[in-house]
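As the structure lists them, so they are numbered: ligands from 1, and atoms in each ligand from 1. FYI, side chains are in, hydrogens and waters are out, and symmetry mates aren't considered; it's all heavy atoms of this structure.
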Amino acid sequence: MPASSAPKSFPKTFSVKSFGCQMNVYDGERMAELLGAQGMTAVSGGEDADLVVLNTCHIRERATEKVYSDIGRLRREDGTAPLIAVAGCVAQAEGEEIMARAPSVKVVVGPQSYHHLPDMVARAAAGGRATETDMPAQAKFAALPKRRKSGPSAFLTVQEGCDKFCTYCVVPYTRGAEISRPFNDLVEEARLLVAGGAREITLLGQNVNAWTSEDDKGRTIGLDGLIRALAADPDLSRIRYTTSHPNDMTEGLIAAHGEIDKLMPFLHLPVQAGSDRVLAAMNRSHTVSSYLSLLDRIRAVRPDIAISGDFIVGFPGETPSEFNETVKLVEAVGYAQAFSFKYSPRPGTPAATMADHVPAVEMDERLQRLQAALQRSSLAFNQASIGRRCTVLVERRGKLPGQWLGKSPWLQSVHFIGDFAIGDLVDVELIEAGPNSLSGRVLQTPVE
Ligand code: 5AD
Ligand code: SF4
């Protein structure tokens, strides 16, 4: 069978490979549940599966080329290939082109349409091809099967899309306008995740803190109201949320950090750059000083909160001294962790056509300097944690015999030795720190 022809019978096994953000991980899990509900069996690795779903990310460089090379790699030695479906944000942005350029791709499905995946796979298995990249709000979630089992730390998408239109970003085009899932649906999905084994839930959204809905009594609430409602479940121990926009940090949400024990002391609050001119050109609609005073207000109610961020170096027109302001900001904030990226022009975004693109060599140099500053910052944060007593949620086994890995309340990776199981909450004292992880000593008496 030539590589371009799909199997003519309905696939029996599948593999979903997710790239990029946590929301893609969530979407990948939901696609797997959906295919499982059709009687298909998940296989890891992928190459041998009858159906491979590539759940793609379009946020940065060479996303599309990566998809084409992944497609090429799926061709087997005997010339056959699995049935290939391209999902996620590259499918949304470049679906038509993929269909034209890659005959082995039989299904292209955008992030808001994947509830139709089984039908589309059926059409492809019958010898056709199927594309869906519509963006209807909400329909998807209602059409997905109910959640059944979960790891100790689960994702729950509460909000999707973005209306902020930062000038570098494709998300408003690939994920569409901001929508919030209804309160009751989320309470129900959280209940099922907890029943399925989750001890911690991370609420996800491109602008998660813009989430709003009516509660069960018809009152309009924000993310803090949802967190309060979920915290009432005695079997749920921890709640997190990501990613937040500084302008959507409401007073209620800030206050929640001082009031709700189950809300973990960690906040991912991207700033992107440390120069007000660059922030304005990025259309971030906050300044360095408004960001810093927001952090002061959050730290006033939760002094130990760990702050995380996203940074872009080499935005068009960024001068060396503007970049230095970013490094200064990192030093002022004391980030516990962060993600940093070289600016990558995204087709169709306003920044892609801006003048004064920063040369690649300069961009590399800035990224290295920023990452060194961020590394110092995380090391300092972790070292300051030595001596702290805290509870760690066990997520997996470590490499050494009897060693386990889990997360502290501040989202640090902590390893320790003992007789435990995945999903246990273990009290430890943090005794050693590196920039990326800490070691803990198991305590015999519980942490207050
Ligand atoms: N180039 C580089 N980084 C980007 N991000 C978003 N768009 C781009 C781009 N065009 C980064 C931002 C965002 C994170 C998810 O990805 O820092 O917060
Ligand atoms: Fe992209 Fe900005 Fe929206 Fe974040 S807030 S998803 S960076 S447009």
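In terms of protein heavy atoms, atom 6 (C) of ligand 1 is closest to Ile59 CG1, 3.4 Å. In this structure, atom 7 (S) of ligand 2 lies nearest to the protein heavy atom Tyr168 OH, 3.3 Å. At the top of the distance list for atom 18 (O) of ligand 1, counting protein heavy atoms only, stands Asp310 OD2, 2.6 Å. At the shortest separation from atom 8 (S) of ligand 2 among protein heavy atoms lies Cys166 N, 3.3 Å.
Residue Ser113 holds its OG atom at 6.5 Å from CD of Gln92, rounded to the nearest 0.5 Å. Atom CZ of Arg284 is separated from atom SG of Cys166 by 4.5 Å, given to the nearest 0.5 angstrom.
Under 4.0 Å is where a charged nitrogen must lie from a carboxylate oxygen, and between Arg123 and Glu132 at least one such pair does. The residues Glu33 and Lys146 are annotated as not salt-bridged, no charged nitrogen and carboxylate oxygen being separated by less than 4.0 angstrom.
Arg346 forms no cation-pi arrangement with Tyr168, by the criterion of a distance under 6.0 Å to the ring centre and an angle within 45° of the ring axis.
Note on Cys162: counted as a metal contact of atom 3 (Fe) of ligand 2, an N/O/S atom lying under 2.8 Å. At least one N, O or S atom of Cys169, from either the backbone or the side chain, sits less than 2.8 Å from atom 1 (Fe) of ligand 2.
At least one N/O-N/O distance between Ser344 and ligand 1 falls below 3.5 Å. The N/O atoms of Gln272, backbone and side chain alike, include one that comes under 3.5 Å of an N/O atom in ligand 1.
Close contacts of ligand 1 with Phe341, meaning ligand atoms under 4.0 Å from a residue heavy atom, involve 3 (N), 11 (C), 14 (C), 16 (O), 17 (O). Contact atoms of ligand 2 toward Pro172: 8 (S) (distance under 4.0 Å to a heavy atom of the residue). Every atom of ligand 2 is numbered from 1 in the order shown, and the set under 4.0 Å from a heavy atom of His245 is 5 (S). Listed by number with element, the atoms of ligand 1 under 4.0 Å from a non-hydrogen atom of Tyr343 are 1 (N), 2 (C).
Shown here, atom 4 (Fe) of ligand 2 is out of close reach of the protein: none of its heavy atoms lies under 4.0 Å off.
Neither the backbone nor the side chain of Pro270 has a heavy atom within less than 4.0 Å of ligand 2.
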